Amino acid sequence: MSDTSNRPVLVVDFGAQYAQLIARRVREAQVYSEVVPHTASVSEILDKNPLAIVLSGGPSSVYAENAPQVDPKLFETGVPVFGICYGFQAMARALGGAVEQTGTREYGRTDLSVPTEGGALHQELPASHPVWMSHGDAVTKAPEGFTVTATSEGAPVAAFEDTERRFAGVQYHPEVHHSPHGQEVLRRFLHEIAGIRPQWTTSSILDEQVTRIREQIGDGKAICGLSGGVDSAVAAALVQRAIGDRLTCVFVDHGLLRSGERAQVERDYVAATGIRLVTVDARERFLGALAGVTDPEEKRKIIGREFIRVFEQAERDLKAEGDYKFLVQGTLYPDVVESGGGAGTANIKSHHNVGGLPDDLQFELVEPLRALFKDEVRRVGTELGLPETIVQRQPFPGPGLGIRIIGEVTQDRLDTLRQADAIAREELTLAGLDRQIWQCPVVLLADVRSVGVQGDGRTYGHPIVLRPVSSEDAMTADWTRLPYEVLERISTRITNEVAEVNRVVLDVTSKPPGTIEWE
Ligand code: XMP
(Lines give C-alpha, C1' and ligand atoms only; values in the text may rest on other atoms or scores of the structure.)
Protein backbone atom coordinates (compact mmCIF):
# COMPACT_ATOMS: atom_id res chain seq x y z
CA MET A 1 0.00 0.00 0.00
CA SER A 2 1.40 3.37 -0.93
CA ASP A 3 1.17 6.48 1.20
CA THR A 4 -1.37 8.16 -1.09
CA SER A 5 -3.97 5.39 -0.97
CA ASN A 6 -6.01 6.92 1.82
CA ARG A 7 -5.67 10.57 0.88
CA PRO A 8 -9.12 11.44 -0.44
CA VAL A 9 -10.52 13.14 -3.45
CA LEU A 10 -13.03 15.49 -1.85
CA VAL A 11 -16.44 15.87 -3.45
CA VAL A 12 -17.88 19.23 -2.43
CA ASP A 13 -21.63 18.78 -1.98
CA PHE A 14 -23.64 21.68 -3.34
CA GLY A 15 -26.81 19.98 -2.24
CA ALA A 16 -28.35 18.30 -5.26
CA GLN A 17 -28.00 14.68 -4.16
CA TYR A 18 -25.38 13.97 -6.78
CA ALA A 19 -22.41 14.19 -4.43
CA GLN A 20 -22.64 10.64 -3.08
CA LEU A 21 -23.04 9.24 -6.55
CA ILE A 22 -19.97 11.17 -7.71
CA ALA A 23 -18.03 9.87 -4.71
CA ARG A 24 -18.96 6.32 -5.71
CA ARG A 25 -17.88 6.91 -9.29
CA VAL A 26 -14.53 8.30 -8.12
CA ARG A 27 -14.03 5.11 -6.14
CA GLU A 28 -14.98 3.05 -9.17
CA ALA A 29 -11.98 4.71 -10.78
CA GLN A 30 -10.05 3.21 -7.83
CA VAL A 31 -9.44 6.47 -6.04
CA TYR A 32 -10.63 6.98 -2.46
CA SER A 33 -13.17 9.79 -2.06
CA GLU A 34 -15.18 11.55 0.61
CA VAL A 35 -18.08 14.00 0.53
CA VAL A 36 -17.72 17.39 2.26
CA PRO A 37 -20.41 20.08 2.62
CA HIS A 38 -20.02 23.25 0.54
CA THR A 39 -19.77 25.18 3.78
CA ALA A 40 -16.30 23.67 4.40
CA SER A 41 -13.69 26.42 4.27
CA VAL A 42 -10.57 26.21 2.12
CA SER A 43 -8.45 25.55 5.20
CA GLU A 44 -10.78 22.76 6.36
CA ILE A 45 -10.49 21.25 2.91
CA LEU A 46 -6.70 21.49 2.98
CA ASP A 47 -6.62 19.86 6.41
CA LYS A 48 -7.82 16.68 4.73
CA ASN A 49 -4.83 16.74 2.42
CA PRO A 50 -6.92 16.02 -0.71
CA LEU A 51 -5.49 14.60 -3.91
CA ALA A 52 -8.11 16.54 -5.88
CA ILE A 53 -11.42 18.32 -5.44
CA VAL A 54 -14.64 17.71 -7.34
CA LEU A 55 -17.28 20.42 -7.25
CA SER A 56 -20.68 18.74 -7.60
CA GLY A 57 -23.97 19.74 -9.18
CA GLY A 58 -26.33 21.92 -7.18
CA PRO A 59 -29.06 24.50 -7.54
CA SER A 60 -30.01 25.51 -11.04
CA SER A 61 -28.43 28.97 -11.15
CA VAL A 62 -25.29 30.54 -9.75
CA TYR A 63 -27.30 33.76 -9.71
CA ALA A 64 -30.02 32.37 -7.46
CA GLU A 65 -30.38 34.05 -4.09
CA ASN A 66 -28.12 32.35 -1.52
CA ALA A 67 -26.56 30.19 -4.25
CA PRO A 68 -23.39 28.72 -2.72
CA GLN A 69 -20.20 30.07 -4.26
CA VAL A 70 -16.69 28.71 -4.51
CA ASP A 71 -13.97 30.57 -2.67
CA PRO A 72 -11.49 31.65 -5.40
CA LYS A 73 -8.66 30.86 -2.94
CA LEU A 74 -9.38 27.21 -3.59
CA PHE A 75 -7.74 27.62 -6.98
CA GLU A 76 -4.52 28.94 -5.47
CA THR A 77 -3.84 25.86 -3.38
CA GLY A 78 -2.27 23.80 -6.17
CA VAL A 79 -4.87 21.03 -5.70
CA PRO A 80 -6.47 19.77 -8.97
CA VAL A 81 -10.14 20.72 -9.35
CA PHE A 82 -12.94 19.23 -11.46
CA GLY A 83 -16.25 21.09 -11.77
CA ILE A 84 -19.50 19.33 -12.64
CA CYS A 85 -22.70 21.11 -13.74
CA TYR A 86 -23.29 23.76 -11.08
CA GLY A 87 -19.75 23.22 -9.83
CA PHE A 88 -18.52 23.87 -13.38
CA GLN A 89 -20.35 27.19 -13.51
CA ALA A 90 -19.28 28.20 -10.02
CA MET A 91 -15.71 27.38 -11.03
CA ALA A 92 -15.98 29.40 -14.25
CA ARG A 93 -17.29 32.35 -12.32
CA ALA A 94 -14.66 32.19 -9.57
CA LEU A 95 -11.87 32.09 -12.15
CA GLY A 96 -13.10 35.04 -14.20
CA GLY A 97 -15.12 33.32 -16.94
CA ALA A 98 -18.66 34.33 -17.88
CA VAL A 99 -21.89 32.58 -16.87
CA GLU A 100 -25.08 33.89 -18.44
CA GLN A 101 -28.74 33.16 -18.62
CA THR A 102 -28.78 32.30 -22.32
CA GLY A 103 -32.41 31.30 -22.40
CA THR A 104 -31.63 27.87 -23.84
CA ARG A 105 -32.17 25.45 -21.04
CA GLU A 106 -31.12 21.85 -21.45
CA TYR A 107 -32.64 19.07 -19.39
CA GLY A 108 -32.08 15.41 -20.06
CA ARG A 109 -30.35 13.71 -22.96
CA THR A 110 -28.31 16.12 -25.05
CA ASP A 111 -25.77 15.68 -27.83
CA LEU A 112 -22.26 16.75 -26.95
CA SER A 113 -19.99 17.90 -29.79
CA VAL A 114 -16.32 17.24 -29.40
CA PRO A 115 -13.88 18.96 -31.76
CA THR A 116 -11.08 16.89 -33.31
CA GLU A 117 -8.74 18.07 -30.60
CA GLY A 118 -10.90 16.84 -27.73
CA GLY A 119 -8.33 17.77 -25.10
CA ALA A 120 -7.34 15.43 -22.31
CA LEU A 121 -10.91 14.81 -21.16
CA HIS A 122 -12.63 13.95 -24.43
CA GLN A 123 -9.98 12.97 -26.96
CA GLU A 124 -10.76 9.83 -28.92
CA LEU A 125 -14.37 9.87 -27.74
CA PRO A 126 -16.99 10.02 -30.55
CA ALA A 127 -17.25 13.48 -32.19
CA SER A 128 -20.85 13.54 -31.09
CA HIS A 129 -22.18 11.55 -28.16
CA PRO A 130 -25.04 11.72 -25.66
CA VAL A 131 -24.66 13.25 -22.22
CA TRP A 132 -27.11 14.08 -19.43
CA MET A 133 -27.64 17.82 -18.94
CA SER A 134 -29.58 19.77 -16.37
CA HIS A 135 -28.92 23.49 -16.54
CA GLY A 136 -30.58 26.84 -17.09
CA ASP A 137 -27.55 29.15 -17.15
CA ALA A 138 -24.55 28.45 -19.34
CA VAL A 139 -20.86 29.26 -19.34
CA THR A 140 -20.40 31.60 -22.32
CA LYS A 141 -16.70 32.34 -21.87
CA ALA A 142 -14.10 30.07 -20.35
CA PRO A 143 -11.71 31.62 -17.83
CA GLU A 144 -8.27 32.63 -19.06
CA GLY A 145 -5.84 29.80 -19.61
CA PHE A 146 -8.63 27.28 -20.32
CA THR A 147 -9.32 25.46 -23.58
CA VAL A 148 -12.92 24.74 -24.54
CA THR A 149 -13.08 21.05 -25.40
CA ALA A 150 -16.77 20.40 -25.99
CA THR A 151 -19.96 22.24 -26.85
CA SER A 152 -23.67 21.55 -27.07
CA GLU A 153 -26.58 23.46 -28.50
CA GLY A 154 -27.44 25.13 -25.22
CA ALA A 155 -23.93 25.29 -23.80
CA PRO A 156 -21.33 27.13 -25.90
CA VAL A 157 -18.79 26.00 -23.34
CA ALA A 158 -19.80 22.46 -22.33
CA ALA A 159 -16.33 21.43 -21.12
CA PHE A 160 -13.08 23.18 -20.45
CA GLU A 161 -9.65 22.31 -19.14
CA ASP A 162 -6.35 23.82 -18.13
CA THR A 163 -4.06 20.83 -17.88
CA GLU A 164 -1.17 23.03 -16.77
CA ARG A 165 -2.92 24.01 -13.55
CA ARG A 166 -4.77 20.64 -13.45
CA PHE A 167 -8.25 22.18 -13.62
CA ALA A 168 -11.14 20.91 -15.73
CA GLY A 169 -14.90 20.83 -15.78
CA VAL A 170 -17.99 19.70 -17.65
CA GLN A 171 -21.48 21.17 -17.89
CA TYR A 172 -23.10 17.74 -18.04
CA HIS A 173 -23.41 15.02 -15.41
CA PRO A 174 -20.67 12.43 -16.06
CA GLU A 175 -21.71 10.45 -12.97
CA VAL A 176 -25.09 9.23 -14.29
CA HIS A 177 -25.57 6.21 -16.54
CA HIS A 178 -27.28 8.39 -19.14
CA SER A 179 -23.83 9.82 -19.94
CA PRO A 180 -22.31 6.63 -21.37
CA HIS A 181 -18.76 8.05 -21.58
CA GLY A 182 -19.04 9.92 -18.29
CA GLN A 183 -17.06 7.46 -16.20
CA GLU A 184 -14.25 7.53 -18.76
CA VAL A 185 -14.15 11.35 -18.59
CA LEU A 186 -14.06 11.31 -14.80
CA ARG A 187 -11.35 8.66 -14.90
CA ARG A 188 -9.27 10.79 -17.28
CA PHE A 189 -9.53 13.76 -14.99
CA LEU A 190 -8.44 11.72 -11.98
CA HIS A 191 -5.70 9.62 -13.54
CA GLU A 192 -4.44 11.80 -16.36
CA ILE A 193 -5.08 15.45 -15.50
CA ALA A 194 -4.78 15.18 -11.72
CA GLY A 195 -2.18 12.42 -11.99
CA ILE A 196 -3.64 10.24 -9.24
CA ARG A 197 -2.61 6.58 -9.18
CA PRO A 198 -5.54 4.15 -8.99
CA GLN A 199 -4.88 2.39 -5.70
CA TRP A 200 -8.25 2.08 -4.00
CA THR A 201 -8.95 -1.60 -4.52
CA THR A 202 -10.81 -4.19 -2.52
CA SER A 203 -7.60 -5.67 -1.19
CA SER A 204 -6.22 -2.25 -0.22
CA ILE A 205 -9.49 -1.50 1.62
CA LEU A 206 -9.22 -4.79 3.42
CA ASP A 207 -5.58 -4.31 4.44
CA GLU A 208 -6.20 -0.79 5.60
CA GLN A 209 -9.26 -1.66 7.67
CA VAL A 210 -7.53 -4.61 9.30
CA THR A 211 -4.63 -2.35 10.29
CA ARG A 212 -6.99 0.26 11.70
CA ILE A 213 -9.04 -2.25 13.66
CA ARG A 214 -5.85 -3.67 15.20
CA GLU A 215 -4.75 -0.16 16.16
CA GLN A 216 -8.11 0.61 17.75
CA ILE A 217 -8.72 -2.64 19.62
CA GLY A 218 -5.14 -3.47 20.59
CA ASP A 219 -5.32 -6.64 22.65
CA GLY A 220 -8.92 -5.94 23.78
CA LYS A 221 -12.06 -7.96 23.12
CA ALA A 222 -15.06 -7.11 20.99
CA ILE A 223 -18.71 -8.12 20.57
CA CYS A 224 -20.70 -7.94 17.35
CA GLY A 225 -24.41 -8.54 16.81
CA LEU A 226 -25.17 -10.47 13.63
CA SER A 227 -28.51 -9.97 11.93
CA GLY A 228 -27.93 -12.31 9.02
CA GLY A 229 -27.65 -9.27 6.73
CA VAL A 230 -24.67 -8.14 4.68
CA ASP A 231 -23.38 -5.25 6.77
CA SER A 232 -23.02 -6.92 10.15
CA ALA A 233 -21.67 -10.07 8.49
CA VAL A 234 -18.89 -8.18 6.69
CA ALA A 235 -18.11 -5.92 9.66
CA ALA A 236 -17.71 -8.95 11.91
CA ALA A 237 -15.61 -10.86 9.38
CA LEU A 238 -13.25 -7.88 9.02
CA VAL A 239 -12.83 -7.61 12.77
CA GLN A 240 -12.33 -11.35 13.02
CA ARG A 241 -9.60 -11.10 10.39
CA ALA A 242 -7.95 -8.43 12.56
CA ILE A 243 -8.30 -9.85 16.09
CA GLY A 244 -9.31 -13.50 15.64
CA ASP A 245 -11.24 -15.09 18.47
CA ARG A 246 -11.05 -12.05 20.66
CA LEU A 247 -14.25 -11.23 18.77
CA THR A 248 -17.51 -12.90 19.82
CA CYS A 249 -20.63 -12.60 17.69
CA VAL A 250 -24.15 -12.71 19.03
CA PHE A 251 -27.02 -13.86 16.87
CA VAL A 252 -30.55 -13.49 18.19
CA ASP A 253 -33.06 -15.95 16.75
CA HIS A 254 -36.32 -14.14 17.29
CA GLY A 255 -38.30 -16.77 15.43
CA LEU A 256 -39.22 -14.31 12.69
CA LEU A 257 -36.44 -15.42 10.36
CA ARG A 258 -36.94 -17.01 6.99
CA SER A 259 -36.37 -20.66 6.32
CA GLY A 260 -32.69 -21.57 6.48
CA GLU A 261 -31.43 -18.22 7.73
CA ARG A 262 -30.29 -19.41 11.12
CA ALA A 263 -28.40 -22.26 9.50
CA GLN A 264 -26.78 -19.84 7.05
CA VAL A 265 -25.31 -17.93 9.95
CA GLU A 266 -24.58 -20.81 12.33
CA ARG A 267 -23.21 -23.16 9.74
CA ASP A 268 -22.12 -21.44 6.50
CA TYR A 269 -20.91 -18.16 7.92
CA VAL A 270 -19.08 -19.79 10.81
CA ALA A 271 -17.51 -22.31 8.44
CA ALA A 272 -16.29 -19.51 6.17
CA THR A 273 -14.91 -17.27 8.91
CA GLY A 274 -14.18 -19.42 11.94
CA ILE A 275 -15.97 -16.80 13.99
CA ARG A 276 -16.89 -17.47 17.60
CA LEU A 277 -20.69 -17.33 17.70
CA VAL A 278 -23.25 -17.31 20.47
CA THR A 279 -26.85 -17.88 19.34
CA VAL A 280 -29.60 -16.74 21.66
CA ASP A 281 -32.78 -18.68 21.07
CA ALA A 282 -35.47 -16.15 21.92
CA ARG A 283 -38.27 -17.57 19.80
CA GLU A 284 -40.65 -18.26 22.67
CA ARG A 285 -40.08 -14.87 24.17
CA PHE A 286 -40.93 -13.00 20.96
CA LEU A 287 -44.02 -15.12 20.27
CA GLY A 288 -45.22 -14.45 23.80
CA ALA A 289 -44.67 -10.72 23.50
CA LEU A 290 -46.49 -10.61 20.16
CA ALA A 291 -49.52 -12.65 21.25
CA GLY A 292 -52.76 -10.86 20.48
CA VAL A 293 -51.04 -7.93 18.73
CA THR A 294 -52.29 -6.92 15.27
CA ASP A 295 -51.33 -3.24 14.93
CA PRO A 296 -48.24 -2.88 12.69
CA GLU A 297 -46.58 -0.11 14.68
CA GLU A 298 -47.17 -1.94 17.94
CA LYS A 299 -45.62 -5.08 16.47
CA ARG A 300 -42.58 -3.13 15.34
CA LYS A 301 -42.17 -1.50 18.74
CA ILE A 302 -42.48 -4.81 20.57
CA ILE A 303 -39.99 -6.56 18.30
CA GLY A 304 -37.53 -3.67 18.58
CA ARG A 305 -37.85 -3.53 22.35
CA GLU A 306 -37.49 -7.28 22.88
CA PHE A 307 -34.55 -7.40 20.51
CA ILE A 308 -32.67 -4.77 22.45
CA ARG A 309 -33.43 -6.50 25.75
CA VAL A 310 -32.22 -9.87 24.52
CA PHE A 311 -29.12 -8.39 22.96
CA GLU A 312 -28.25 -6.45 26.08
CA GLN A 313 -28.62 -9.52 28.21
CA ALA A 314 -26.22 -11.34 25.91
CA GLU A 315 -23.78 -8.44 26.24
CA ARG A 316 -24.04 -8.56 30.03
CA ASP A 317 -23.41 -12.31 30.03
CA LEU A 318 -20.33 -11.86 27.88
CA LYS A 319 -19.06 -8.97 29.96
CA ALA A 320 -19.37 -11.11 33.07
CA GLU A 321 -17.21 -13.72 31.43
CA GLY A 322 -14.51 -11.52 29.91
CA ASP A 323 -13.41 -7.95 29.52
CA TYR A 324 -15.32 -6.87 26.40
CA LYS A 325 -14.70 -3.19 25.76
CA PHE A 326 -15.62 -2.88 22.10
CA LEU A 327 -18.87 -3.18 20.17
CA VAL A 328 -18.72 -3.66 16.38
CA GLN A 329 -21.36 -2.01 14.21
CA GLY A 330 -21.94 -2.16 10.48
CA THR A 331 -22.51 1.56 9.89
CA LEU A 332 -22.03 2.47 6.21
CA TYR A 333 -20.74 5.66 4.60
CA PRO A 334 -24.15 6.92 3.37
CA ASP A 335 -25.40 6.84 6.99
CA VAL A 336 -22.39 8.86 8.04
CA VAL A 337 -22.89 11.49 5.32
CA GLU A 338 -26.64 11.65 5.85
CA SER A 339 -26.48 12.01 9.60
CA GLY A 340 -23.98 14.84 9.14
CA GLY A 341 -26.63 17.22 7.86
CA GLY A 342 -30.06 17.66 6.44
CA ALA A 343 -33.45 17.60 8.09
CA GLY A 344 -34.94 14.27 9.13
CA THR A 345 -37.57 12.66 6.94
CA ALA A 346 -41.07 12.00 8.16
CA ASN A 347 -41.42 8.89 10.26
CA ILE A 348 -43.43 6.57 8.04
CA LYS A 349 -42.49 3.40 9.90
CA SER A 350 -40.43 2.98 13.03
CA HIS A 351 -37.40 1.00 11.88
CA HIS A 352 -35.65 -0.96 14.50
CA ASN A 353 -31.93 -0.85 14.82
CA VAL A 354 -29.93 -1.56 17.93
CA GLY A 355 -30.06 1.96 19.30
CA GLY A 356 -28.53 3.77 22.25
CA LEU A 357 -26.73 1.69 24.83
CA PRO A 358 -27.79 1.63 28.48
CA ASP A 359 -25.46 3.34 30.96
CA ASP A 360 -24.10 0.20 32.56
CA LEU A 361 -22.96 -1.17 29.20
CA GLN A 362 -20.14 1.04 28.17
CA PHE A 363 -18.59 0.13 24.90
CA GLU A 364 -16.31 1.84 22.48
CA LEU A 365 -17.73 1.51 18.97
CA VAL A 366 -15.78 -0.14 16.17
CA GLU A 367 -17.23 0.74 12.77
CA PRO A 368 -15.03 -0.77 10.08
CA LEU A 369 -17.48 0.00 7.23
CA ARG A 370 -17.87 3.69 8.04
CA ALA A 371 -15.96 4.71 4.93
CA LEU A 372 -17.64 2.26 2.54
CA PHE A 373 -20.56 2.15 0.16
CA LYS A 374 -22.75 -0.96 -0.03
CA ASP A 375 -21.18 -2.31 -3.25
CA GLU A 376 -17.72 -1.97 -1.67
CA VAL A 377 -18.95 -3.81 1.43
CA ARG A 378 -20.14 -6.66 -0.80
CA ARG A 379 -16.77 -6.84 -2.56
CA VAL A 380 -14.91 -6.87 0.75
CA GLY A 381 -17.23 -9.67 1.90
CA THR A 382 -16.44 -11.70 -1.19
CA GLU A 383 -12.71 -11.08 -0.74
CA LEU A 384 -13.06 -12.33 2.85
CA GLY A 385 -14.56 -15.54 1.49
CA LEU A 386 -18.09 -15.07 2.84
CA PRO A 387 -20.84 -17.21 1.29
CA GLU A 388 -22.59 -15.71 -1.74
CA THR A 389 -25.95 -16.22 0.01
CA ILE A 390 -24.90 -13.67 2.61
CA VAL A 391 -22.86 -11.24 0.51
CA GLN A 392 -25.50 -10.85 -2.20
CA ARG A 393 -28.47 -10.96 0.12
CA GLN A 394 -31.38 -8.70 -0.67
CA PRO A 395 -32.63 -6.36 2.05
CA PHE A 396 -34.73 -7.99 4.75
CA PRO A 397 -36.40 -5.97 7.50
CA GLY A 398 -35.19 -6.27 11.09
CA PRO A 399 -38.70 -7.23 12.37
CA GLY A 400 -38.64 -10.06 9.84
CA LEU A 401 -41.71 -12.11 9.07
CA GLY A 402 -43.48 -10.41 11.96
CA ILE A 403 -44.44 -7.54 9.66
CA ARG A 404 -45.31 -9.83 6.75
CA ILE A 405 -48.15 -11.55 8.57
CA ILE A 406 -51.12 -9.25 8.35
CA GLY A 407 -52.86 -10.01 11.62
CA GLU A 408 -51.63 -11.68 14.78
CA VAL A 409 -48.30 -13.51 14.63
CA THR A 410 -48.60 -17.14 15.69
CA GLN A 411 -46.35 -20.15 15.32
CA ASP A 412 -48.63 -21.79 12.73
CA ARG A 413 -48.86 -18.67 10.63
CA LEU A 414 -45.09 -18.23 10.75
CA ASP A 415 -44.66 -21.80 9.53
CA THR A 416 -47.12 -21.20 6.68
CA LEU A 417 -45.44 -17.97 5.59
CA ARG A 418 -41.97 -19.48 5.87
CA GLN A 419 -42.95 -22.28 3.50
CA ALA A 420 -44.48 -19.94 0.94
CA ASP A 421 -41.54 -17.56 1.15
CA ALA A 422 -39.03 -20.38 0.65
CA ILE A 423 -40.84 -21.49 -2.51
CA ALA A 424 -40.94 -17.97 -3.96
CA ARG A 425 -37.27 -17.40 -3.22
CA GLU A 426 -36.26 -20.74 -4.65
CA GLU A 427 -38.12 -20.15 -7.91
CA LEU A 428 -36.84 -16.59 -8.31
CA THR A 429 -33.28 -17.80 -7.81
CA LEU A 430 -33.76 -20.68 -10.27
CA ALA A 431 -35.10 -18.23 -12.84
CA GLY A 432 -31.94 -16.11 -12.38
CA LEU A 433 -33.95 -13.08 -11.25
CA ASP A 434 -32.22 -12.28 -7.95
CA ARG A 435 -30.09 -9.46 -9.29
CA GLN A 436 -32.97 -7.97 -11.24
CA ILE A 437 -35.30 -7.53 -8.31
CA TRP A 438 -34.49 -5.43 -5.29
CA GLN A 439 -36.44 -7.72 -2.95
CA CYS A 440 -39.65 -9.69 -3.00
CA PRO A 441 -41.58 -9.68 0.25
CA VAL A 442 -44.02 -12.58 0.54
CA VAL A 443 -46.99 -11.63 2.70
CA LEU A 444 -49.59 -13.77 4.47
CA LEU A 445 -53.07 -12.25 4.76
CA ALA A 446 -53.78 -14.15 7.92
CA ASP A 447 -57.11 -12.52 8.67
CA VAL A 448 -58.48 -13.00 5.16
CA ARG A 449 -59.96 -16.22 3.83
CA SER A 450 -61.35 -17.02 0.43
CA VAL A 451 -63.11 -20.01 -1.06
CA GLY A 452 -61.21 -22.40 -3.23
CA VAL A 453 -61.41 -25.87 -4.63
CA GLN A 454 -58.57 -28.32 -4.21
CA GLY A 455 -58.89 -31.96 -5.16
CA ASP A 456 -62.59 -32.67 -4.77
CA GLY A 457 -63.20 -30.45 -1.87
CA ARG A 458 -64.03 -26.89 -1.03
CA THR A 459 -61.31 -25.00 0.82
CA TYR A 460 -61.41 -21.81 2.80
CA GLY A 461 -57.80 -20.75 2.98
CA HIS A 462 -55.55 -17.70 3.16
CA PRO A 463 -54.11 -15.63 0.31
CA ILE A 464 -50.39 -15.11 -0.14
CA VAL A 465 -49.24 -11.83 -1.71
CA LEU A 466 -46.10 -11.60 -3.83
CA ARG A 467 -44.52 -8.16 -3.72
CA PRO A 468 -41.56 -8.13 -6.15
CA VAL A 469 -40.05 -4.64 -6.43
CA SER A 470 -37.35 -2.93 -8.44
CA SER A 471 -35.56 -0.06 -6.77
CA GLU A 472 -32.28 1.86 -6.48
CA ASP A 473 -32.43 2.72 -2.82
CA ALA A 474 -35.84 1.61 -1.41
CA MET A 475 -36.97 5.24 -1.17
CA THR A 476 -39.05 4.74 -4.28
CA ALA A 477 -39.82 1.48 -6.04
CA ASP A 478 -41.74 0.00 -8.91
CA TRP A 479 -43.34 -3.44 -9.07
CA THR A 480 -41.19 -5.82 -11.05
CA ARG A 481 -42.69 -7.26 -14.22
CA LEU A 482 -41.85 -10.89 -13.50
CA PRO A 483 -42.26 -13.38 -16.36
CA TYR A 484 -45.68 -15.07 -16.27
CA GLU A 485 -44.10 -18.53 -16.33
CA VAL A 486 -42.20 -17.77 -13.13
CA LEU A 487 -45.32 -16.40 -11.45
CA GLU A 488 -47.19 -19.47 -12.58
CA ARG A 489 -44.61 -21.83 -11.07
CA ILE A 490 -44.58 -19.97 -7.76
CA SER A 491 -48.37 -19.89 -7.59
CA THR A 492 -48.80 -23.56 -8.46
CA ARG A 493 -46.19 -24.69 -6.01
CA ILE A 494 -47.43 -22.55 -3.13
CA THR A 495 -51.06 -23.63 -3.53
CA ASN A 496 -50.02 -27.28 -3.89
CA GLU A 497 -47.42 -27.41 -1.16
CA VAL A 498 -48.58 -25.01 1.54
CA ALA A 499 -51.59 -26.43 3.35
CA GLU A 500 -53.37 -23.29 4.50
CA VAL A 501 -52.99 -21.34 1.26
CA ASN A 502 -55.43 -21.56 -1.67
CA ARG A 503 -54.73 -18.32 -3.53
CA VAL A 504 -51.65 -16.35 -4.67
CA VAL A 505 -51.99 -12.69 -5.65
CA LEU A 506 -49.53 -10.20 -7.13
CA ASP A 507 -49.05 -6.70 -5.73
CA VAL A 508 -48.83 -4.24 -8.66
CA THR A 509 -48.42 -1.03 -6.67
CA SER A 510 -45.44 1.29 -6.97
CA LYS A 511 -43.88 3.13 -3.99
CA PRO A 512 -45.31 5.69 -3.47
CA PRO A 513 -48.18 5.20 -2.86
CA GLY A 514 -47.57 1.71 -1.42
CA THR A 515 -44.56 1.04 0.81
CA ILE A 516 -42.45 -2.03 0.01
CA GLU A 517 -43.46 -3.94 3.12
CA TRP A 518 -47.16 -4.30 3.87
CA GLU A 519 -46.77 -3.24 7.50
P1 XMP B 1 -40.81 0.32 3.21
O2 XMP B 1 -41.75 -0.75 3.62
O3 XMP B 1 -40.73 1.46 4.20
O4 XMP B 1 -39.37 -0.37 3.22
O5 XMP B 1 -41.03 0.79 1.81
C6 XMP B 1 -38.20 0.22 2.71
C7 XMP B 1 -37.06 -0.74 2.93
O8 XMP B 1 -36.76 -0.88 4.31
C9 XMP B 1 -36.92 -2.23 4.72
N10 XMP B 1 -37.50 -2.18 6.05
C11 XMP B 1 -36.81 -2.33 7.19
N12 XMP B 1 -35.49 -2.57 7.41
N13 XMP B 1 -35.87 -2.54 9.75
C14 XMP B 1 -35.04 -2.69 8.69
O15 XMP B 1 -33.86 -2.93 8.91
C16 XMP B 1 -37.19 -2.29 9.60
O17 XMP B 1 -37.92 -2.15 10.57
C18 XMP B 1 -37.68 -2.19 8.25
N19 XMP B 1 -38.92 -1.94 7.72
C20 XMP B 1 -38.78 -1.94 6.36
C21 XMP B 1 -37.80 -2.86 3.67
O22 XMP B 1 -37.60 -4.27 3.59
C23 XMP B 1 -37.34 -2.15 2.43
O24 XMP B 1 -36.11 -2.67 1.94
Side-chain angles (χ1 to χ4, degrees), residues 224-236 250-258 261 265 282 286 289-290 293 295-311 329-332 334-335 338-339 344-356 367 369 373-375 377-378 390 392-406 409 417-418 420-421 424-425 428 433-445 465-480 507-519:
C224 181
L226 290 179
S227 67
V230 186
D231 305 343
S232 58
V234 176
V250 176
F251 176 59
V252 176
D253 182 354
H254 52 22
L256 308 169
L257 300 167
R258 291 178 296 181
E261 282 184 321
V265 174
F286 277 83
L290 286 167
V293 180
D295 178 70
E297 271 304 287
E298 205 182 329
K299 279 189 197 170
R300 283 172 172 274
K301 293 219 167 87
I302 291 170
I303 297 168
R305 182 193 70 207
E306 293 302 312
F307 189 88
I308 289 170
R309 285 187 184 158
V310 172
F311 193 74
Q329 289 196 330
T331 320
L332 302 192
D335 305 327
E338 274 148 33
S339 58
T345 46
N347 185 20
I348 309 287
K349 294 176 185 181
S350 54
H351 280 205
H352 102 267
N353 294 307
V354 182
E367 298 179 301
L369 313 179
F373 288 106
K374 192 87 174 189
D375 42 343
V377 169
R378 291 208 158 100
I390 290 182
Q392 295 304 338
R393 216 170 84 138
Q394 293 169 344
F396 183 65
L401 300 182
I403 55 163
R404 292 183 179 173
I405 291 173
I406 313 305
V409 178
L417 177 55
R418 241 190 295 270
D421 174 78
R425 283 196 290 149
L428 291 172
L433 291 164
D434 286 343
R435 298 278 178 114
Q436 209 170 308
I437 52 175
W438 170 266
Q439 64 186 126
C440 179
V442 175
V443 180
L444 174 66
L445 304 187
V465 181
L466 304 176
R467 172 75 168 131
V469 291
S470 308
S471 178
E472 291 277 324
D473 54 9
M475 301 296 285
T476 61
D478 195 8
W479 58 281
T480 311
D507 184 342
V508 291
T509 320
S510 59
K511 172 184 179 177
T515 51
I516 294 176
E517 304 291 345
W518 269 47
E519 290 201 330

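This is a predicted model, so every value here is computed, not measured. These values consider heavy atoms only, across backbone and side chains, with no hydrogens, waters or symmetry-generated copies. Both counts, for ligands and for their atoms, begin at 1 and track the order of listing.
The proximity of P395 to ligand 1, defined as any non-hydrogen pair under 4.0 Å, is limited to the side chain.
Within ligand 1, the atoms closer than 4.0 Å to a non-hydrogen atom of T515 are 1 (P), 2 (O), 5 (O), numbered from 1 in the order shown. Those atoms of ligand 1 that come under 4.0 Å of a heavy atom in R300, given as number and element, are 16 (C), 17 (O), 18 (C), 19 (N), 20 (C). Set against the non-hydrogen atoms of P399, the atoms of ligand 1 under 4.0 Å away are 13 (N), 16 (C), 17 (O).
Salt-bridge formation is not detected for the pair K301/E298: no Lys NZ or Arg NE/NH1/NH2 atom is positioned less than 4.0 Å from an Asp or Glu carboxylate oxygen.
Residue E519 is tested with R300, R467, R404, K299 for a salt bridge (charged side-chain N to carboxylate O under 4.0 Å, His left out); the sole match is K299. Of the options P441, P395, C440, a side-chain contact (heavy atoms from CB on, under 4.5 Å) to I516 is made by P441 and by none of the others.
At least one donor-acceptor pair closer than 3.5 Å links the side chain of S471 to the backbone N or O of T476.
Polar contact with ligand 1: present for K511 (N/O pair, distance under 3.5 Å). Below 3.5 Å of separation, one finds an N or O of I516 facing an N or O of ligand 1.
The two residues D231 and L369 make their nearest non-hydrogen contact at O-CD1, 3.3 Å.
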Using the rule given for side-chain hydrogen bond (donor to acceptor under 3.5 Å, both in side chains), can you reason through W438 versus D473, listing the C-alpha separation, both sets of side-chain angles and the distance that settles it, and then say yes or no? CA-CA 9 Å; W438 170 266; D473 54 9; over 6 Å; no

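With atom 14 (C) of ligand 1 as the reference point, the heavy atom nearest to it among P512, S471, G402, G398 is part of G398.
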